[in-house]
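Remarks on the structure that follows.
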Amino acid sequence: MSFAELTPPEAARWAARAGLDLPAERHAAVAATAEHIRSVVAVLRELDFGDTPPGAAYRAGGENPDAAV
């Protein structure tokens, strides 16, 4: 899935749509941060978790303590 880069005016529009008061000097920073998050999520979507059990299968405290690293 391909997305166009988020521009500062679009970031301002999305913030307003969400009811957030975003000062004009923050538009570019918010757009850049959103683009970074989008690129990281894109990389994560490409990972193969085929044999990884879902998080619900993990039980905290069930491990044997071992100081070996």
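Atoms OG1 and CZ, on T7 and R13 in that order, are 7.5 Å from each other to the nearest 0.5 Å. Atom CZ of R17 sits about 12.5 Å away from atom CD of E10, to the nearest 0.5 Å.
Nearest heavy-atom pair across H36 and S39 is O-OG, 2.8 Å. Here the closest non-hydrogen pair linking L6 and E35 is N-OE2, 2.6 Å.
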Side-chain donor-acceptor pairs of residues 47-55 under 3.5 Å, sequence neighbours excluded:
| from | atom 1 | to | atom 2 | distance (Å) |
| --- | --- | --- | --- | --- |
| D48 | OD1 | G50 | N | 3.0 |

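Remark: side-chain polar atoms of H27 are not paired, donor with acceptor, to backbone N or O of A11 under 3.5 angstrom.
Within the 4.5 Å cutoff, no side-chain heavy atoms of V30 are placed close to those of W14.
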